[in-house]
2 protein chains.
Amino acid sequence: MVTVTAGLSAGSETSPDPTDELISDVFARDCLSRATLEDVAGKWGILALLALGEGELRFNALRRRVQGVSEKMLSQTLQTLERDGMLSRDVITTIPPRVQYSLTPLGERVAQQLRGLAELLEGSVDEVGAARAAYDARALTG
Amino acid sequence: MVTVTAGLSAGSETSPDPTDELISDVFARDCLSRATLEDVAGKWGILALLALGEGELRFNALRRRVQGVSEKMLSQTLQTLERDGMLSRDVITTIPPRVQYSLTPLGERVAQQLRGLAELLEGSVDEVGAARAAYDARALTG
DNA sequence: CAGCATCCTGCTCGATACTG
DNA sequence: CAGTATCGAGCAGGATGCTG
């Protein structure tokens with residue numbers, strides 16, 4: 001795996017694997033793909049993207065959908081995701097003001113991946129619950 | 001969407017949608033699926049699962065693969081994922097001691113989803129980079 | 001309604017040192 | 001090698017109040 005992180009070839013670059021077409025690597029500390037992964041997969045990022053995957057929403061509707069998120073964190077999360085090109089923010093200057101959030105094509109693709117993950121986990125609650133119970137029982141008995 | 005979080009039916013449960021077979025919901029604050037989502041999608045959780053998706057690894061090998069993770073955080077992350085039934089920890093009592101980490105079937109399924117996400121993002125670095133540049137330029141010019 | 005600014009808490013995380 | 005224990009800094013994140 002090539003781990004060049006800024007698109008620049010290192011002085012001693014030797015093309016280790018010609019079949020490898022990716023120049024970005026989520027395992028590399030300073031790679032943009034890893035930073036994006038953290039934005040997208042963060043606690044609130046996932047839920048915001050999943051919610052918008054169901055259709056565009058206004059700020060407070062989003063806030064109600066993503067239970068437990070504070071105004072501050074939702075605002076912050078949305079700004080980060082907008083900066084990463086995952087969603088677009090459309091201001092309708094009326095009184096009262098309205099702001100519609102919707103996914104970009106890139107955001108849609110990411111949301112689709114996240115949906116798969118969320119559905120898998122929602123369908124595995126029993127399995128996870130059993131695993132936790134077994135683990136905790138083990139911890140008690142040694 | 002039914003948002004029962006513990007498999008218990010609320011007193012006023014009215015079966016809002018008969019076609020909905022899921023009883024867990026990642027959007028619900030206290031649902032186990034959401035907790036699991038946070039464990040799995042956390043900063044280090046994703047990378048640990050992705051690394052193990054390439055094959056079983058020992059502690060320090062995992063630590064080298066997941067660049068930037070501290071000993072403490074890796075240990076903590078692995079414990080959480082083991083508790084959730086995503087991976088298994090096999091101790092080989094030799095001197096020096098060896099511990100092999102490998103994915104469970106559930107972990108494999110989760111890792112597969114994460115791989116799709118990671119590959120998508122690795123392939124979108126240019127798009128994300130451009131989006132960030134545009135966003136930052138906007139912020140400067142007002 | 002859709003936010004930003006401010007303050008403040010506490011939990012996350014990294015560094016360091018020690019154990020089997 | 002594979003961790004655990006402890007400590008301290010810093011950032012995540014909640015509460016509150018204000019603006020357009």
Side-chain angles (χ1 to χ4, degrees), chain A residues 27 29-30 34-35 37-48 51-52 55-84 87-102 135 138-140 142, chain B residues 27 29-30 34-35 37-48 51-52 56-84 87-102 135-136 138-140 142:
Chain A
F27 288 112
R29 242 197 331 271
D30 298 326
R34 174 142 153 198
L37 186 65
E38 284 166 23
D39 292 339
V40 154
K43 182 174 181 179
W44 302 121
I46 291 189
L47 295 176
L52 288 174
E56 60 178 26
L57 289 171
R58 307 222 326 255
F59 187 84
N60 278 330
L62 206 39
R63 188 151 143 57
R64 279 187 296 272
R65 185 84 183 97
V66 181
Q67 293 175 36
V69 69
S70 68
E71 205 175 76
K72 178 184 172 180
M73 291 316 298
L74 180 56
S75 174
Q76 205 170 99
T77 301
L78 292 173
Q79 280 181 38
T80 301
L81 293 178
E82 188 192 358
R83 189 167 107 101
D84 286 346
L87 54 84
S88 56
R89 180 175 177 276
D90 301 306
V91 183
I92 302 132
T93 49
T94 55
I95 295 176
R98 283 156 178 261
V99 181
Q100 287 280 350
Y101 289 91
S102 54
Y135 184 95
R138 239 162 214 281
L140 287 176
Chain B
F27 288 111
R29 243 196 330 270
D30 299 326
R34 174 141 152 197
L37 186 65
E38 284 165 25
D39 292 339
V40 154
K43 183 174 180 178
W44 303 122
I46 290 188
L47 296 176
L52 288 173
E56 61 177 25
L57 290 170
R58 308 222 323 257
F59 188 84
N60 278 331
L62 205 41
R63 187 151 144 58
R64 281 186 295 274
R65 185 84 182 96
V66 181
Q67 293 174 35
V69 70
S70 68
E71 213 173 67
K72 177 185 172 181
M73 290 315 299
L74 181 58
S75 173
Q76 207 169 97
T77 300
L78 292 172
Q79 281 182 38
T80 302
L81 292 178
E82 187 193 0
R83 188 167 106 102
D84 286 346
L87 54 85
S88 57
R89 178 175 180 277
D90 301 306
V91 183
I92 301 129
T93 49
T94 56
I95 295 177
R98 284 157 177 263
V99 181
Q100 286 280 349
Y101 290 91
S102 54
Y135 185 95
D136 294 347
R138 243 161 215 281
L140 288 177

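So you know, we letter chains A, B, ... as the sequences are listed, proteins then strands, and number each from 1. Reckoned from all heavy atoms, side chains included, excluding hydrogens, waters and symmetry mates. Everything numeric in this text was worked out from a predicted model, so none of it was measured.
With sequence neighbours excluded, the residues forming a side-chain contact (heavy atoms from CB on, under 4.5 Å) with Ala35(B) are Arg132(A), listed by chain and number. Among residues two or more places apart in sequence or in another chain, the side-chain hydrogen bond (donor to acceptor under 3.5 Å, both in side chains) test is passed with Arg63(B) by none.
Rounded to whole angstrom, the span from the CG atom of Asn60(B) across to the P atom of dG3(D) amounts to 9 Å.
Between Arg58(B) atom CZ and Arg64(B) atom CZ the span is 8.0 Å, to the nearest 0.5 Å. Atom CG of Leu87(B) and atom OH of Tyr101(B) lie 8.0 Å apart (nearest 0.5 Å). For the atom pair Asp84(B) CG and Asp39(B) CG, the distance stands at 4.5 Å (nearest 0.5 Å). For the atom pair CG of Leu62(B) and OG of Ser75(B), the computed distance is 11.0 Å after rounding to the nearest 0.5 Å.
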When you check every protein heavy atom under 4.0 Å of nucleotides 7-20 of chain D, what one-letter string (B, S, -) results, 5' to 3'?
B-----BBB-B--B
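Of the side-chain N and O atoms in Gln79(B), one or more sit less than 4.0 angstrom from OP1 or OP2 of dT4(D). Contact check, Arg58(B) against dA2(D): a side-chain N or O comes under 4.0 Å of OP1 or OP2. Close to dG3(D), at under 4.0 Å from its OP1 or OP2, lies a side-chain N or O of Tyr101(B).
First and last contacting nucleotides of DNA chain C toward chain A (any atom under 4.0 angstrom from a heavy atom, 5' to 3' order): dC1(C) to dC7(C).
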Leu47(A) and Arg65(A): CA distance, side-chain angles, deciding distance, side chain to side chain contact (heavy atoms under 4.5 Å, CB included) verdict
CA-CA 9 Å; Leu47(A) 295 176; Arg65(A) 185 84 183 97; over 6 Å; no
If you apply the rule side chain to side chain contact (heavy atoms under 4.5 Å, CB included), what do you find for Gln76(A) with Trp44(A), and how did you get there?
CA-CA 10 Å; Gln76(A) 205 170 99; Trp44(A) 302 121; over 6 Å; no
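Among pairs with a residue in residues 89-102 of chain A, none fulfils salt bridge (Lys or Arg N to Asp or Glu O under 4.0 Å), at least two apart in sequence or across chains.
Under the 3.5 Å distance criterion, the side-chain polar atoms of Thr77(A) are matched with a main-chain donor or acceptor of Met73(A).
Rounded to 10°, the angle separating the first-five-pair axis and the last-five-pair axis of the helix from dC1(C)-dG20(D) to dG20(C)-dC1(D) equals 50°.
Residue contacts shown for Gln100(B) are absent, as no nucleic acid heavy atom lies under 4.0 Å away. Backbone-only engagement by Arg89(A) is indicated by non-hydrogen atom pairs under 4.0 Å involving sugar-phosphate atoms exclusively.
Residues Lys43(B) and Val69(B) have side chains not in contact (no heavy-atom distance under 4.5 Å, counting atoms from C-beta outward).
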